[in-house]
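In each ligand, atom 1 is the first atom listed, and ligand 1 is the first ligand listed.
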Amino acid sequence: MQKLFIKETKKLNGEVFVQGSKNSVLPIFAATILCSSPCILHNCPKLSDVDVTLEILKHLGAKVTREGSDVFIDATKVYECSVPRDLMSRMRSSIVFLGPMLSLMGRANIFLPGGCDLGPRPIDLHLSALSKLGAKFEKSDELLYCSLNHIFKGSTIALRVPSVGATENIILSAVLAKGETIIENAAREPEIYDLCNFLNLCGAKIYSDNVGNIRIVGVDKLHGIEYSVMPDRIVAATFMSATAITGGNVVIKKVNDRHLKAVIEVFERMGCKVLTSKNEIRIISKKHLSSVDFIKTVPYPGFPTDAQPILMAPFAISQGTTVFCESIFKDRYKHVDEFLKMGANIKVNGKIAVVKGVKEIIGTDVMARDLRGAAALLVLSLIAKGETVLDGLKHLDRGYENIVEELNGLGANIKRM
Ligand code: EPZ
(Lines give C-alpha, C1' and ligand atoms only; values in the text may rest on other atoms or scores of the structure.)
Protein backbone atom coordinates (compact mmCIF):
# COMPACT_ATOMS: atom_id res chain seq x y z
CA MET A 1 0.00 0.00 0.00
CA GLN A 2 1.55 3.31 -1.04
CA LYS A 3 1.68 6.33 1.25
CA LEU A 4 2.78 9.95 0.96
CA PHE A 5 5.68 11.16 3.09
CA ILE A 6 5.34 14.92 3.37
CA LYS A 7 8.01 17.17 4.88
CA GLU A 8 7.42 20.75 6.01
CA THR A 9 7.48 23.09 3.02
CA LYS A 10 8.70 26.64 2.62
CA LYS A 11 6.63 29.03 0.51
CA LEU A 12 5.25 27.47 -2.70
CA ASN A 13 6.29 29.43 -5.78
CA GLY A 14 5.93 29.08 -9.53
CA GLU A 15 3.32 28.00 -12.06
CA VAL A 16 1.01 25.06 -12.19
CA PHE A 17 -1.50 23.75 -14.77
CA VAL A 18 -4.95 22.51 -13.85
CA GLN A 19 -6.20 19.16 -15.18
CA GLY A 20 -9.55 18.63 -16.89
CA SER A 21 -12.58 18.36 -14.62
CA LYS A 22 -13.39 14.93 -13.20
CA ASN A 23 -17.02 15.79 -12.50
CA SER A 24 -17.44 17.08 -16.03
CA VAL A 25 -15.71 14.34 -17.99
CA LEU A 26 -17.63 11.49 -16.32
CA PRO A 27 -21.16 12.48 -17.50
CA ILE A 28 -19.74 13.50 -20.88
CA PHE A 29 -18.32 9.97 -21.25
CA ALA A 30 -21.80 8.59 -20.43
CA ALA A 31 -23.29 10.95 -23.05
CA THR A 32 -21.12 9.49 -25.81
CA ILE A 33 -23.28 6.36 -25.95
CA LEU A 34 -26.09 8.56 -27.33
CA CYS A 35 -23.96 9.64 -30.32
CA SER A 36 -24.35 7.91 -33.66
CA SER A 37 -20.70 8.56 -34.59
CA PRO A 38 -17.42 8.51 -32.58
CA CYS A 39 -16.26 11.29 -30.22
CA ILE A 40 -12.79 12.57 -29.45
CA LEU A 41 -12.47 14.14 -26.02
CA HIS A 42 -9.51 16.30 -25.03
CA ASN A 43 -8.29 17.34 -21.57
CA CYS A 44 -9.43 14.09 -19.92
CA PRO A 45 -7.59 13.69 -16.62
CA LYS A 46 -5.82 10.42 -15.78
CA LEU A 47 -7.73 9.32 -12.68
CA SER A 48 -9.03 6.06 -11.29
CA ASP A 49 -12.66 7.30 -11.65
CA VAL A 50 -12.00 8.05 -15.32
CA ASP A 51 -10.52 4.55 -15.79
CA VAL A 52 -13.61 2.99 -14.21
CA THR A 53 -15.93 5.00 -16.49
CA LEU A 54 -13.96 3.90 -19.54
CA GLU A 55 -14.25 0.29 -18.26
CA ILE A 56 -18.04 0.74 -18.09
CA LEU A 57 -18.07 2.04 -21.67
CA LYS A 58 -16.01 -0.94 -22.85
CA HIS A 59 -18.27 -3.33 -20.95
CA LEU A 60 -21.28 -1.82 -22.74
CA GLY A 61 -19.61 -2.52 -26.09
CA ALA A 62 -17.87 0.78 -26.92
CA LYS A 63 -14.40 0.98 -28.46
CA VAL A 64 -12.18 3.17 -26.32
CA THR A 65 -8.60 4.28 -26.86
CA ARG A 66 -6.62 6.75 -24.85
CA GLU A 67 -3.50 8.73 -25.73
CA GLY A 68 -2.38 11.05 -22.96
CA SER A 69 -5.32 13.30 -22.16
CA ASP A 70 -7.15 12.48 -25.43
CA VAL A 71 -9.80 9.79 -25.40
CA PHE A 72 -11.44 8.33 -28.51
CA ILE A 73 -14.84 6.71 -27.96
CA ASP A 74 -16.81 4.84 -30.59
CA ALA A 75 -20.02 3.86 -28.82
CA THR A 76 -22.00 3.25 -31.98
CA LYS A 77 -22.23 -0.51 -31.31
CA VAL A 78 -23.20 -0.50 -27.65
CA TYR A 79 -25.31 -3.60 -26.94
CA GLU A 80 -24.93 -4.50 -23.25
CA CYS A 81 -27.60 -3.17 -20.91
CA SER A 82 -26.18 -4.09 -17.50
CA VAL A 83 -23.27 -2.73 -15.48
CA PRO A 84 -21.53 -5.16 -13.10
CA ARG A 85 -21.62 -4.50 -9.36
CA ASP A 86 -17.86 -3.97 -9.14
CA LEU A 87 -17.87 -1.11 -11.68
CA MET A 88 -21.08 0.51 -10.36
CA SER A 89 -19.89 0.50 -6.77
CA ARG A 90 -16.55 2.16 -7.43
CA MET A 91 -17.93 5.66 -7.94
CA ARG A 92 -21.03 7.75 -7.66
CA SER A 93 -21.28 8.97 -11.23
CA SER A 94 -21.82 5.43 -12.57
CA ILE A 95 -25.51 6.30 -11.99
CA VAL A 96 -25.47 8.78 -14.89
CA PHE A 97 -25.29 5.82 -17.29
CA LEU A 98 -28.88 4.95 -16.32
CA GLY A 99 -30.62 7.62 -18.45
CA PRO A 100 -28.49 7.07 -21.59
CA MET A 101 -28.77 3.25 -21.35
CA LEU A 102 -32.56 3.41 -21.08
CA SER A 103 -32.76 5.95 -23.86
CA LEU A 104 -30.66 3.77 -26.15
CA MET A 105 -31.73 0.24 -25.27
CA GLY A 106 -34.97 0.56 -23.31
CA ARG A 107 -33.49 -1.56 -20.52
CA ALA A 108 -30.80 -1.22 -17.87
CA ASN A 109 -29.90 -3.50 -14.98
CA ILE A 110 -27.71 -1.70 -12.52
CA PHE A 111 -26.45 -1.94 -8.96
CA LEU A 112 -26.51 1.00 -6.59
CA PRO A 113 -23.64 3.46 -7.17
CA GLY A 114 -20.66 3.90 -4.83
CA GLY A 115 -18.50 6.99 -4.38
CA CYS A 116 -17.20 8.92 -1.37
CA ASP A 117 -18.98 8.11 1.88
CA LEU A 118 -20.34 11.55 2.78
CA GLY A 119 -23.45 10.30 4.60
CA PRO A 120 -26.63 9.11 2.87
CA ARG A 121 -26.52 9.60 -0.91
CA PRO A 122 -29.92 8.44 -2.16
CA ILE A 123 -30.89 8.24 -5.85
CA ASP A 124 -34.61 8.90 -5.30
CA LEU A 125 -34.52 12.12 -7.35
CA HIS A 126 -32.93 10.29 -10.30
CA LEU A 127 -35.55 7.54 -10.18
CA SER A 128 -38.60 9.73 -9.66
CA ALA A 129 -37.53 12.05 -12.48
CA LEU A 130 -36.86 9.21 -14.91
CA SER A 131 -40.22 7.65 -13.92
CA LYS A 132 -41.89 10.89 -14.92
CA LEU A 133 -40.24 10.54 -18.32
CA GLY A 134 -41.64 7.00 -18.63
CA ALA A 135 -39.11 4.64 -16.99
CA LYS A 136 -40.18 1.77 -14.73
CA PHE A 137 -38.09 0.35 -11.89
CA GLU A 138 -38.11 -2.90 -9.97
CA LYS A 139 -35.67 -3.49 -7.14
CA SER A 140 -34.39 -6.88 -6.10
CA ASP A 141 -31.80 -6.71 -3.29
CA GLU A 142 -29.19 -4.32 -4.61
CA LEU A 143 -30.02 -4.82 -8.28
CA LEU A 144 -32.31 -2.36 -10.02
CA TYR A 145 -34.19 -3.60 -13.10
CA CYS A 146 -35.07 -0.56 -15.21
CA SER A 147 -37.19 -0.50 -18.34
CA LEU A 148 -38.79 1.91 -20.73
CA ASN A 149 -41.71 1.43 -23.07
CA HIS A 150 -40.54 2.62 -26.48
CA ILE A 151 -38.86 6.02 -25.77
CA PHE A 152 -38.70 8.67 -23.03
CA LYS A 153 -41.53 11.23 -23.20
CA GLY A 154 -40.81 14.84 -22.22
CA SER A 155 -42.32 16.21 -19.03
CA THR A 156 -41.86 18.94 -16.40
CA ILE A 157 -39.73 17.93 -13.45
CA ALA A 158 -39.31 20.10 -10.37
CA LEU A 159 -36.35 18.93 -8.29
CA ARG A 160 -36.71 19.03 -4.49
CA VAL A 161 -33.02 19.96 -4.27
CA PRO A 162 -30.80 21.01 -7.19
CA SER A 163 -29.01 17.66 -7.41
CA VAL A 164 -26.04 17.65 -9.80
CA GLY A 165 -26.30 13.95 -10.67
CA ALA A 166 -30.10 13.97 -11.05
CA THR A 167 -29.97 17.05 -13.31
CA GLU A 168 -27.37 15.26 -15.48
CA ASN A 169 -29.43 12.07 -15.64
CA ILE A 170 -32.57 13.99 -16.67
CA ILE A 171 -30.70 15.92 -19.36
CA LEU A 172 -29.16 12.70 -20.69
CA SER A 173 -32.61 11.04 -20.77
CA ALA A 174 -34.41 14.00 -22.31
CA VAL A 175 -32.11 14.85 -25.23
CA LEU A 176 -33.51 12.03 -27.41
CA ALA A 177 -36.99 12.02 -25.82
CA LYS A 178 -40.24 12.71 -27.62
CA GLY A 179 -41.26 16.30 -26.91
CA GLU A 180 -40.07 18.87 -24.43
CA THR A 181 -38.69 18.43 -20.91
CA ILE A 182 -38.44 21.24 -18.38
CA ILE A 183 -36.26 20.92 -15.29
CA GLU A 184 -37.15 23.37 -12.51
CA ASN A 185 -34.66 23.93 -9.68
CA ALA A 186 -31.93 22.30 -11.80
CA ALA A 187 -28.32 22.27 -10.57
CA ARG A 188 -26.29 25.18 -11.98
CA GLU A 189 -22.76 23.84 -11.42
CA PRO A 190 -20.36 24.64 -14.30
CA GLU A 191 -20.08 20.88 -14.97
CA ILE A 192 -23.81 20.87 -15.89
CA TYR A 193 -23.22 23.57 -18.51
CA ASP A 194 -20.16 21.72 -19.84
CA LEU A 195 -22.36 18.66 -20.39
CA CYS A 196 -25.08 20.81 -22.07
CA ASN A 197 -22.47 22.49 -24.23
CA PHE A 198 -21.10 19.12 -25.34
CA LEU A 199 -24.59 17.77 -26.09
CA ASN A 200 -25.69 20.90 -27.98
CA LEU A 201 -22.60 20.62 -30.19
CA CYS A 202 -23.64 17.00 -30.83
CA GLY A 203 -27.02 18.27 -32.09
CA ALA A 204 -29.10 18.44 -28.88
CA LYS A 205 -31.45 21.33 -28.12
CA ILE A 206 -30.89 22.36 -24.51
CA TYR A 207 -31.70 25.87 -23.31
CA SER A 208 -30.93 27.28 -19.90
CA ASP A 209 -31.88 30.58 -18.26
CA ASN A 210 -28.86 30.23 -15.92
CA VAL A 211 -31.08 30.56 -12.84
CA GLY A 212 -32.06 26.92 -12.53
CA ASN A 213 -34.52 26.29 -15.36
CA ILE A 214 -33.42 24.02 -18.19
CA ARG A 215 -35.56 23.27 -21.27
CA ILE A 216 -34.70 20.30 -23.44
CA VAL A 217 -36.38 19.77 -26.78
CA GLY A 218 -35.92 16.14 -27.82
CA VAL A 219 -34.18 15.49 -31.15
CA ASP A 220 -34.05 12.30 -33.26
CA LYS A 221 -30.30 11.86 -33.34
CA LEU A 222 -26.98 13.08 -31.91
CA HIS A 223 -23.67 12.91 -33.75
CA GLY A 224 -20.15 12.56 -32.36
CA ILE A 225 -17.83 15.56 -32.00
CA GLU A 226 -14.36 16.57 -30.85
CA TYR A 227 -14.58 18.37 -27.50
CA SER A 228 -12.30 19.70 -24.79
CA VAL A 229 -13.41 19.20 -21.19
CA MET A 230 -13.48 22.25 -18.86
CA PRO A 231 -10.78 22.75 -16.20
CA ASP A 232 -11.25 21.25 -12.73
CA ARG A 233 -12.28 24.08 -10.40
CA ILE A 234 -11.77 22.01 -7.22
CA VAL A 235 -8.22 21.06 -8.22
CA ALA A 236 -7.60 24.79 -8.81
CA ALA A 237 -8.99 25.52 -5.32
CA THR A 238 -6.61 22.88 -3.93
CA PHE A 239 -3.56 24.64 -5.46
CA MET A 240 -4.85 27.96 -4.11
CA SER A 241 -5.19 26.48 -0.65
CA ALA A 242 -1.68 24.98 -0.77
CA THR A 243 -0.31 28.38 -1.78
CA ALA A 244 -2.29 30.21 0.91
CA ILE A 245 -1.20 27.91 3.74
CA THR A 246 2.51 28.13 2.85
CA GLY A 247 2.52 31.93 2.34
CA GLY A 248 3.42 31.36 -1.31
CA ASN A 249 3.00 33.05 -4.67
CA VAL A 250 1.71 30.80 -7.45
CA VAL A 251 0.15 31.25 -10.89
CA ILE A 252 -2.53 28.67 -11.62
CA LYS A 253 -2.91 28.19 -15.37
CA LYS A 254 -5.61 26.74 -17.60
CA VAL A 255 -8.35 27.64 -15.14
CA ASN A 256 -11.66 29.49 -15.39
CA ASP A 257 -11.78 32.09 -12.60
CA ARG A 258 -15.54 32.67 -13.16
CA HIS A 259 -16.14 29.14 -11.83
CA LEU A 260 -14.32 30.04 -8.61
CA LYS A 261 -15.88 33.36 -7.58
CA ALA A 262 -17.17 32.17 -4.19
CA VAL A 263 -13.87 30.42 -3.41
CA ILE A 264 -11.73 33.40 -4.49
CA GLU A 265 -13.79 35.64 -2.22
CA VAL A 266 -12.93 33.46 0.79
CA PHE A 267 -9.20 33.51 -0.03
CA GLU A 268 -9.38 37.31 -0.28
CA ARG A 269 -11.10 37.54 3.10
CA MET A 270 -8.36 35.25 4.44
CA GLY A 271 -5.90 37.98 3.43
CA CYS A 272 -4.57 36.58 0.15
CA LYS A 273 -4.23 38.70 -2.95
CA VAL A 274 -5.90 37.06 -5.94
CA LEU A 275 -5.27 38.39 -9.45
CA THR A 276 -7.23 36.94 -12.33
CA SER A 277 -6.66 37.23 -16.04
CA LYS A 278 -7.64 35.10 -19.01
CA ASN A 279 -7.36 31.42 -17.98
CA GLU A 280 -5.04 32.28 -15.06
CA ILE A 281 -5.23 32.98 -11.35
CA ARG A 282 -2.27 34.32 -9.38
CA ILE A 283 -2.55 33.90 -5.63
CA ILE A 284 -0.17 35.70 -3.29
CA SER A 285 -0.43 34.78 0.34
CA LYS A 286 0.84 36.69 3.36
CA LYS A 287 2.42 35.12 6.41
CA HIS A 288 -0.53 35.48 8.79
CA LEU A 289 -3.91 34.40 7.48
CA SER A 290 -7.13 35.83 8.88
CA SER A 291 -10.16 33.85 9.93
CA VAL A 292 -13.55 34.35 8.26
CA ASP A 293 -16.65 34.46 10.49
CA PHE A 294 -18.91 32.03 8.66
CA ILE A 295 -18.67 29.83 5.56
CA LYS A 296 -21.72 27.86 4.45
CA THR A 297 -21.58 25.28 1.67
CA VAL A 298 -24.44 25.72 -0.78
CA PRO A 299 -25.19 24.75 -4.39
CA TYR A 300 -23.42 26.73 -7.13
CA PRO A 301 -22.85 29.67 -7.47
CA GLY A 302 -22.33 29.59 -3.69
CA PHE A 303 -19.37 28.15 -1.80
CA PRO A 304 -18.90 24.51 -2.94
CA THR A 305 -19.07 21.58 -0.54
CA ASP A 306 -16.10 20.00 -2.37
CA ALA A 307 -13.90 22.94 -1.30
CA GLN A 308 -14.94 22.83 2.37
CA PRO A 309 -12.32 20.30 3.63
CA ILE A 310 -9.64 21.84 1.40
CA LEU A 311 -10.09 25.39 2.71
CA MET A 312 -10.39 24.22 6.29
CA ALA A 313 -6.64 23.51 6.19
CA PRO A 314 -5.44 27.16 5.99
CA PHE A 315 -8.08 28.22 8.53
CA ALA A 316 -6.61 25.66 10.95
CA ILE A 317 -3.57 27.98 11.28
CA SER A 318 -5.28 31.34 10.77
CA GLN A 319 -5.63 34.04 13.41
CA GLY A 320 -9.07 33.73 14.99
CA THR A 321 -12.08 31.47 14.60
CA THR A 322 -13.87 30.36 11.44
CA VAL A 323 -17.25 28.63 11.53
CA PHE A 324 -18.15 26.23 8.70
CA CYS A 325 -21.69 25.06 8.02
CA GLU A 326 -21.86 21.99 5.74
CA SER A 327 -25.37 22.08 4.30
CA ILE A 328 -25.04 19.66 1.35
CA PHE A 329 -23.81 16.36 2.85
CA LYS A 330 -24.50 14.96 6.34
CA ASP A 331 -21.06 13.48 6.99
CA ARG A 332 -18.40 15.60 5.31
CA TYR A 333 -16.14 16.34 8.28
CA LYS A 334 -14.28 13.00 8.28
CA HIS A 335 -10.96 14.83 7.81
CA VAL A 336 -11.44 16.67 11.13
CA ASP A 337 -10.36 13.74 13.34
CA GLU A 338 -7.10 13.57 11.39
CA PHE A 339 -6.66 17.37 11.59
CA LEU A 340 -7.01 17.01 15.39
CA LYS A 341 -4.23 14.40 15.46
CA MET A 342 -2.03 17.04 13.83
CA GLY A 343 -2.77 19.57 16.57
CA ALA A 344 -5.68 21.52 15.03
CA ASN A 345 -8.42 22.91 17.27
CA ILE A 346 -11.78 22.08 15.68
CA LYS A 347 -15.12 21.22 17.25
CA VAL A 348 -17.82 19.59 15.17
CA ASN A 349 -21.49 19.59 16.11
CA GLY A 350 -23.77 18.29 13.36
CA LYS A 351 -23.50 20.60 10.36
CA ILE A 352 -21.24 23.04 12.18
CA ALA A 353 -17.43 22.95 12.53
CA VAL A 354 -15.77 25.64 14.63
CA VAL A 355 -12.13 26.04 13.61
CA LYS A 356 -9.88 27.96 16.01
CA GLY A 357 -6.55 28.76 14.40
CA VAL A 358 -3.48 27.31 16.16
CA LYS A 359 0.16 28.38 15.96
CA GLU A 360 1.61 25.01 15.06
CA ILE A 361 0.60 21.84 13.20
CA ILE A 362 2.59 18.67 13.87
CA GLY A 363 3.33 15.94 11.33
CA THR A 364 2.08 12.45 12.20
CA ASP A 365 0.44 9.39 10.57
CA VAL A 366 -2.96 10.26 9.11
CA MET A 367 -5.57 8.42 7.07
CA ALA A 368 -7.64 9.88 4.23
CA ARG A 369 -11.29 8.73 4.27
CA ASP A 370 -12.64 10.49 1.19
CA LEU A 371 -11.36 12.34 -1.87
CA ARG A 372 -11.44 16.00 -0.76
CA GLY A 373 -10.50 15.01 2.78
CA ALA A 374 -7.35 13.45 1.30
CA ALA A 375 -6.54 16.71 -0.50
CA ALA A 376 -7.19 18.68 2.70
CA LEU A 377 -4.76 16.50 4.67
CA LEU A 378 -2.14 16.90 1.98
CA VAL A 379 -2.52 20.71 2.12
CA LEU A 380 -2.34 20.80 5.92
CA SER A 381 0.73 18.52 5.91
CA LEU A 382 2.66 21.09 3.88
CA ILE A 383 3.16 23.26 6.97
CA ALA A 384 3.30 20.49 9.59
CA LYS A 385 6.48 20.30 11.69
CA GLY A 386 8.50 17.18 10.91
CA GLU A 387 7.00 14.57 8.63
CA THR A 388 3.40 13.59 7.87
CA VAL A 389 2.62 10.14 6.51
CA LEU A 390 -0.64 10.15 4.54
CA ASP A 391 -2.41 6.82 4.00
CA GLY A 392 -5.60 6.14 2.00
CA LEU A 393 -4.21 7.33 -1.34
CA LYS A 394 -6.89 5.49 -3.32
CA HIS A 395 -9.15 8.44 -2.44
CA LEU A 396 -6.65 11.03 -3.70
CA ASP A 397 -6.11 9.09 -6.93
CA ARG A 398 -9.82 9.33 -7.73
CA GLY A 399 -9.58 13.06 -8.30
CA TYR A 400 -5.99 14.29 -8.64
CA GLU A 401 -3.81 13.43 -11.61
CA ASN A 402 -0.29 14.51 -10.68
CA ILE A 403 -0.67 16.44 -7.49
CA VAL A 404 2.54 15.20 -5.88
CA GLU A 405 4.64 16.13 -8.93
CA GLU A 406 2.84 19.48 -9.29
CA LEU A 407 3.33 20.45 -5.64
CA ASN A 408 6.97 19.30 -5.70
CA GLY A 409 7.43 21.46 -8.81
CA LEU A 410 6.31 24.43 -6.69
CA GLY A 411 8.78 23.62 -3.92
CA ALA A 412 7.07 20.98 -1.77
CA ASN A 413 8.93 17.93 -0.47
CA ILE A 414 6.62 14.95 -0.93
CA LYS A 415 7.58 11.35 -1.66
CA ARG A 416 5.23 8.58 -2.67
CA MET A 417 6.46 5.18 -1.49
C1 EPZ B 1 -21.86 15.73 -7.31
O2 EPZ B 1 -22.34 14.64 -6.54
C3 EPZ B 1 -20.35 15.64 -7.30
N4 EPZ B 1 -19.96 14.35 -7.86
C5 EPZ B 1 -19.82 15.78 -5.89
O6 EPZ B 1 -18.40 15.81 -5.95
C7 EPZ B 1 -20.31 17.10 -5.30
O8 EPZ B 1 -19.91 17.16 -3.95
C9 EPZ B 1 -21.84 17.18 -5.38
O10 EPZ B 1 -22.28 16.98 -6.76
C11 EPZ B 1 -22.40 18.52 -4.92
O12 EPZ B 1 -21.82 19.56 -5.65
C13 EPZ B 1 -19.92 14.18 -9.17
O14 EPZ B 1 -20.22 15.07 -9.97
C15 EPZ B 1 -19.46 12.86 -9.66
P16 EPZ B 1 -25.96 15.85 -5.59
P17 EPZ B 1 -23.85 14.21 -6.58
O18 EPZ B 1 -26.87 14.89 -6.24
O19 EPZ B 1 -24.40 14.40 -7.94
C20 EPZ B 1 -29.14 14.92 -2.14
C21 EPZ B 1 -16.21 15.18 -5.37
O22 EPZ B 1 -15.53 15.26 -4.32
N23 EPZ B 1 -29.77 13.99 -3.11
O24 EPZ B 1 -25.94 17.25 -6.08
O25 EPZ B 1 -23.95 12.88 -5.96
C26 EPZ B 1 -27.77 14.38 -1.68
O27 EPZ B 1 -27.93 13.44 -0.65
C28 EPZ B 1 -17.65 14.75 -5.33
O29 EPZ B 1 -15.73 15.43 -6.49
C30 EPZ B 1 -30.96 13.37 -2.76
O31 EPZ B 1 -31.52 13.57 -1.68
O32 EPZ B 1 -24.48 15.29 -5.58
C33 EPZ B 1 -27.08 15.64 -1.26
O34 EPZ B 1 -27.47 15.97 0.04
C35 EPZ B 1 -18.10 14.33 -3.96
N36 EPZ B 1 -31.52 12.50 -3.66
C37 EPZ B 1 -27.62 16.68 -2.23
O38 EPZ B 1 -28.82 16.13 -2.79
C39 EPZ B 1 -30.95 12.25 -4.87
O40 EPZ B 1 -31.51 11.45 -5.64
C41 EPZ B 1 -26.68 17.05 -3.37
O42 EPZ B 1 -26.26 15.86 -4.03
C43 EPZ B 1 -29.74 12.89 -5.21
C44 EPZ B 1 -29.18 13.77 -4.30
Nearest neighbour in protein (non-hydrogen) for atom 8 (O) of ligand 1: D306 OD1, 2.5 Å
Side chains of Q308 and T297, donor plus acceptor under 3.5 Å: no
Sub-3.5 Å N/O-N/O distance, I328 and ligand 1: yes
Basic-acidic side-chain contact under 4.0 Å: D337, K334: no
Protein heavy atom at shortest distance from atom 18 (O) of ligand 1: S163 OG, 2.6 Å
Ligand 1 to R372 polar contact by distance, N or O atoms, under 3.5 Å: yes
Donor-acceptor contact below 3.5 Å, side chain S140 vs main chain L143: no
Taking atom 19 (O) of ligand 1 as the reference point, the nearest protein heavy atom with its distance: G165 N, 2.8 Å
Ligand 1 contacted by E168 (non-hydrogen, < 4.0 Å): no
Pairwise side-chain contact, D70 with L41, heavy-atom cut-off 4.5 Å (strictly under): no
V161-ligand 1 polar pair, N/O distance under 3.5 Å: no
Short N-O contact, K7 and E387, less than 4.0 angstrom: yes
Heteroatom distance test (R92, ligand 1): nitrogen or oxygen, under 3.5 angstrom: yes
salt_bridge(D209, R188) N-O dist < 4.0 Å: no
Proximal ligand 1 atoms for P120, defined as those under 4.0 Å from one of its heavy atoms: 27 (O)
Minimum-distance protein heavy atom relative to atom 31 (O) of ligand 1: R160 NH2, 3.0 Å
Ionic contact status for K296 with E326, cut-off 4.0 Å: no
N-O pairing of E191 and R233 below 4.0 Å: yes
Pairing of E401 and K46 as salt bridge, 4.0 angstrom limit: no
Check ion pair R398-D49 (N to O, under 4.0 angstrom): yes
Contacting atoms of ligand 1, where contact means under 4.0 angstrom from a heavy atom of I123: 40 (O)
Part of H126 with heavy atoms under 4.0 Å of ligand 1, whether side chain, backbone, both or neither: both
Nearest neighbour in protein (non-hydrogen) for atom 17 (P) of ligand 1: R121 NH2, 3.8 Å
Taking atom 15 (C) of ligand 1 as the reference point, the nearest protein heavy atom with its distance: N23 OD1, 3.3 Å
E326 heavy atom under 4.0 Å from ligand 1: no
Short side-chain donor-acceptor distance under 3.5 Å, S290 and R269: no
S147 side chain to R107 backbone, donor-acceptor under 3.5 Å: no
Ligand 1 N/O within reach of K22 N/O, cut-off under 3.5 Å: yes
Side-chain donor-acceptor contact under 3.5 Å, Y400 with D232: no
Taking atom 32 (O) of ligand 1 as the reference point, the nearest protein heavy atom with its distance: F329 CZ, 3.9 Å
Minimum-distance protein heavy atom relative to atom 36 (N) of ligand 1: D124 OD1, 2.7 Å
Atom indices of ligand 1, in the order listed, that fall short of 4.0 Å to a heavy atom of S93: 15 (C)
Closest to atom 1 (C) of ligand 1 among L371, I95, T167, V164 (heavy-atom distance): V164
Residue portion contacting ligand 1 (non-hydrogen atoms closer than 4.0 Å) for R332: side chain
Any P122 heavy atom less than 4.0 Å to ligand 1: yes
Close-contact set for ligand 1 against T305 heavy atoms, below 4.0 Å: 8 (O), 11 (C)
Heteroatom distance test (L125, ligand 1): nitrogen or oxygen, under 3.5 angstrom: yes
4.5 Å side-chain heavy-atom contact, Y227 and V25: no
Ion pair R416/D397, N-O distance below 4.0 Å: yes
Test of proximity, L26 against ligand 1: N or O pairs below 3.5 Å: no
